[in-house]
Asks: 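Pasting a structure here, questions to come.
Convention: sequence-line order gives letters A, B, ...; per-chain numbering from 1. Source: prediction; values computed, not measured.
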Amino acid sequence: MKNINTIYSILVKKYGLQNWWPTTLEKDLHPTYHGRTLNDKMRFEVVVGSILTQNTSWKNVEKAIIALNKGKLLSINGILKTPQKKLAAIIRSAGYFNQKAERLKIVASFFAKNGFKKLKKERIGKLRELLLALKGIGPETADSILLYAFEKPIFVIDAYTKRMCSYLGICKKDVSYDELQQMFMKKLKHNVKFFQEYHALIVAHAKNHYSKKPYHYSILK
DNA sequence: CGCCAGGGCCTCA
DNA sequence: TGAGGCCATGGC
């Protein structure tokens, strides 16, 4: 059985760097961004994406983000000033639009009150607590925001990660989020870019090899 | 037609 | 604390 460092090497060799967030934003919205420094507008766009992509394909999310941008609403104030009903209509393609419109409102007011600059100085544990306290932000969304928007070294677990690990016999099928996260973080070097890429690679691999049962992660066995 | 997507909340044991 | 229902569009 391969360990999780080896699995990373195999995946990156096969799929290459993913440069996930803000991928779409880089291409369509931020032509000058080259993966170096995020400004607060980009950070907020990552937050929006993390909400919209909950249990939803990224394709559908992209449409919603582009629609928001087209309406000049892809910002904290843009979200705040837009009636929730109207917001829901704009993000329709992302599904669960009523829930997600409410969630966008909630995170927007949170970041309006607590600026990114101030929040970025918080320790990671404290910041994670603050995010988890928001309605609509669970562990995966919180960790995605921490890793991709705040660039904090935390490993994101998702359904794919869990399925892959249990399939490979690395963890139990009913392993908890925190348990699996601890396992990754205990065995991996704590590095933001590395964590960002690893999570994205798991998703990339799952998309190609893991849409339907029976699962075959053959290259990883 | 059914199944799934870069989840999380609520309810009920 | 965990299982199950619910939210909803779009791709295949």
Asks: Could you tell me how far apart A:Asn60 (CG) and B:dG7 (P) are, to the nearest whole angstrom?
Replies: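 Going from CG in A:Asn60 over to P in B:dG7 covers 13 Å.
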Asks: Under 3.5 Å, is there a donor on one side chain and an acceptor on the other for A:Asn19 and A:Lys193?
Replies: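 The answer is yes; a qualifying pair exists.
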Asks: Looking at A:Lys117 and A:Asp40, does any basic side-chain N land under 4.0 Å from a carboxylate oxygen?
Replies: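 Salt bridge absent between A:Lys117 and A:Asp40.
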Asks: Taking a pair as Watson-Crick or G-U wobble with both distances under 3.5 Å, which nucleotide is matched to B:dA5?
Replies: C:dT9
Asks: Could you say whether A:Arg103 or A:Ser57 is positioned toward the 5' end of DNA chain C, judged by the nucleotide with the nearest heavy atom to each?
Replies: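 Of the two residues, A:Arg103 wins.
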Asks: Roughly how many Å is it from CD1 in A:Ile91 to C1' in C:dC7, rounded to a whole number?
Replies: 12 Å
Asks: Under 4.0 Å between a side-chain N or O of A:Lys207 and OP1 or OP2 of B:dG6?
Replies: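 Result: yes.
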Asks: Check the phosphate of C:dG2 against A:Lys173, side-chain N and O only, distance under 4.0 Å to OP1 or OP2. Yes or no?
Replies: no
Asks: Calculate the interatomic distance between A:Ile145 atom CD1 and B:dG8 atom C1'; express it in whole Å.
Replies: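 Atom CD1 in A:Ile145 sits about 13 Å away from atom C1' in B:dG8.
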Asks: Would you mind reading off the distance between A:Trp58 atom CH2 and B:dG7 atom P, rounded to a whole angstrom?
Replies: 11 Å
Asks: Can you find a side chain N or O atom of A:Thr141 that sits less than 4.0 Å from OP1 or OP2 on B:dG8?
Replies: yes
Asks: Would you tell me if any nitrogen or oxygen in the side chain of A:Arg163 comes within less than 4.0 Å of OP1 or OP2 on B:dG6?
Replies: no
Asks: When you check the side-chain N and O atoms of A:Asp143 and A:Gln181, is any donor under 3.5 Å from an acceptor?
Replies: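 A pair is found: one side chain offers a donor N or O, the other an acceptor, under 3.5 Å apart.
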Asks: With a 4.0 Å cut-off, would you call A:Lys59 and A:Glu62 a salt bridge?
Replies: yes
